[in-house]
Amino acid sequence: CETCSKEEAKYRCPRCMKYSCSLLCVKKHKLALSCNGVRDKTAFVSVNEFTDLNLLSDYRFLEDIGRTADAAARNPIVHSPAARKHLFFLRNKARKCGIDLRTLPVVFTKRKENSTTFSGTEKRFYWHLKLVFPHSHAEYTLKGVPDNKTLADILKPYVDPVESDPVVCQRLKIYTTSPRSDIQILMKIENRRQNPVRYNELDASRSLLDNLKGKVIIEYPTLFVVLRTLKSDMVVLGQGKDE
């Protein structure tokens, strides 16, 4: 058992592949790793490990996608002029701000959950924003974040040991106890032709709008908050050996 290291393991988590010996250890590992226990249907499986079970799973996954797409195609809301007009309005305003905003079909989760709006009176975006803290296996979703707010102010309720919520502070302890200079904010580079995933490093002292200018955004920004001193497989553009 990878939780208590005492008993013989009986179960294996479909999500993170951790071994557990009992229901209690299963619950503990889910809480510690923020794991939902649901198998990731899109997780990479090497050819050497690919089995008939994986093939069947992929087949059923594609069937689910087909049914979902067919249902969406029959949904009149998807094709309503108002919905198309709203998306065109957001993309047009983003383009004027120097942002390449791209939207997905309504069947995608990011399209459904996106709450980004543009205030015509204030001439400002209010972004739907996701913060990912890989070293703590934590994610937080923010709504209505004004584009003139600096990244430092956005992160303050999460990484500041004084201003952050006690529960959040405890969960992100590795961040709140680290020097502010050690915190690095990254954003995945979208629409990249090469296979390797690369990230842009953002400037915490600048506004969200300034950091998004000149970048491709699919639905809404997702920011990865990492620590420079800890090993990470996230390669920043210009720092990889293959660049």
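Hydrogens, waters and symmetry mates are skipped; everything else that's a heavy atom, side chains included, is used. These numbers were taken from a predicted model, which means no experiment stands behind them.
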Any side-chain hydrogen bond (donor to acceptor under 3.5 Å, both in side chains) involving residues 86-95? Give me the pairs, sequence neighbours left out, ordered by first then second residue.
R91-T103, N92-R95
Measure the SG-NZ distance between C169 and K173 for me, rounded to the nearest 0.5 Å.
8.5 Å
About how many Å separate CD1 of I185 and CD1 of I154, when rounded to the nearest 0.5 Å?
8.0 Å
Close side-chain approach of Q184 to V226, heavy-atom, < 4.5 Å
yes
Measure the NZ-OG distance between K10 and S20 for me, rounded to the nearest 0.5 Å.
12.0 Å
Quick one: pull up CG in D153 and OG in S205 and give me the separation to the nearest 0.5 Å.
10.5 Å
L151 and I99: same hydrophobic cluster, using ILVMFWY side-chain contacts below 4.5 Å?
yes
So do F50 and D58 actually touch side chain to side chain, heavy atoms under 4.5 Å?
yes
Assigning hydrophobic clusters by single linkage (Ile, Leu, Val, Met, Phe, Trp, Tyr; side-chain heavy-atom cutoff under 4.5 Å), is I174 placed with V168?
yes
Do V225 and H135 have side-chain heavy atoms sitting under 4.5 Å apart?
no
Under a 4.5 Å side-chain heavy-atom rule over Ile, Leu, Val, Met, Phe, Trp and Tyr, are L230 and L155 clustered together?
yes
Smallest heavy-atom separation, R180 atom then D160 atom, equals NH2-OD2, 3.3 Å
Would you sort out whether M187 and L212 count as a side-chain contact (heavy atoms from CB on, under 4.5 Å), showing the intermediate values?
CA-CA 9 Å; M187 188 170 71; L212 296 183; 3.9 Å; yes
Students often mix this up, so state it plainly: with edges at 30° and 60°, are the rings of Y158 and Y140 parallel, tilted or perpendicular?
tilted
When every non-hydrogen atom of F224 is compared with those of P134, the smallest separation belongs to CD2-CG, 4.4 Å
For the pair N114 (side chain) and H128 (backbone), establish whether a donor and an acceptor sit closer than 3.5 Å, ignoring hydrogens and angles.
no
Could you grab the distance from atom CG of L90 to atom CZ of F88, nearest 0.5 Å is fine?
11.0 Å
Where at least one partner belongs to residues 25-35, residue pairs that pass side-chain hydrogen bond (donor to acceptor under 3.5 Å, both in side chains), sequence neighbours excluded:
S34-R171
So which heavy atom on C21 is nearest to which on Y11, and how close?
O-CE1, 3.8 Å
Which class fits the ring pair F118 and F89: parallel under 30°, tilted 30 to 60°, perpendicular over 60°?
perpendicular
Does one hydrophobic cluster hold both I65 and F108, with members joined at side-chain heavy-atom distances below 4.5 Å?
no
Any side-chain hydrogen bond (donor to acceptor under 3.5 Å, both in side chains) pairs touching residues 37-55, not counting sequence neighbours?
R39-S57, D40-T42, T51-N54
Indicate yes or no: at least one non-hydrogen side-chain atom of V159 is less than 4.5 angstrom from one of F133.
yes
Rounded to the nearest 0.5 Å, the SG atom of C13 sits from the NZ atom of K18 at a distance of 10.0 Å
Hydrophobic cluster membership, with links at side-chain heavy-atom distances under 4.5 Å among I/L/V/M/F/W/Y: are L142 and W127 in one?
yes
N211 versus D203: any side-chain heavy-atom pair under 4.5 Å?
yes
pair T3-V26: side-chain heavy atoms closer than 4.5 Å:
no
Which pair of non-hydrogen atoms, one from S119 and one from Y126, has the smallest distance, and what is that distance?
CB-CE1, 3.9 Å
Take T222 and K188 through the test side-chain contact (heavy atoms from CB on, under 4.5 Å) and record every step on the way to the result.
CA-CA 8 Å; T222 298; K188 181 182 175 182; over 6 Å; no
My understanding is that only one of K110, R111, K130 makes a salt bridge (charged side-chain N to carboxylate O under 4.0 Å, His left out) with E219; could you say which?
R111
Got more than 12 heavy atoms from elsewhere within 6.0 Å of CD, E7?
no
Below 4.5 Å, heavy atoms only, C-beta onward: do T116 and F125 meet side chain to side chain?
yes
Would you call L223 and L129 a side-chain contact if the rule is heavy atoms closer than 4.5 Å?
yes
Look only at the side chain of N148 and the backbone of S207, and say whether a donor-acceptor pair between them is shorter than 3.5 Å.
no
Please determine whether side-chain contact (heavy atoms from CB on, under 4.5 Å) holds for the pair T141 and E139, giving the CA-CA distance in whole Å, both sets of side-chain angles, and the decisive distance to 0.1 Å.
CA-CA 7 Å; T141 299; E139 292 185 4; over 6 Å; no
Closest approach of M17 to P14 (non-hydrogen atoms, all atoms of both residues)
CE-O, 3.8 Å
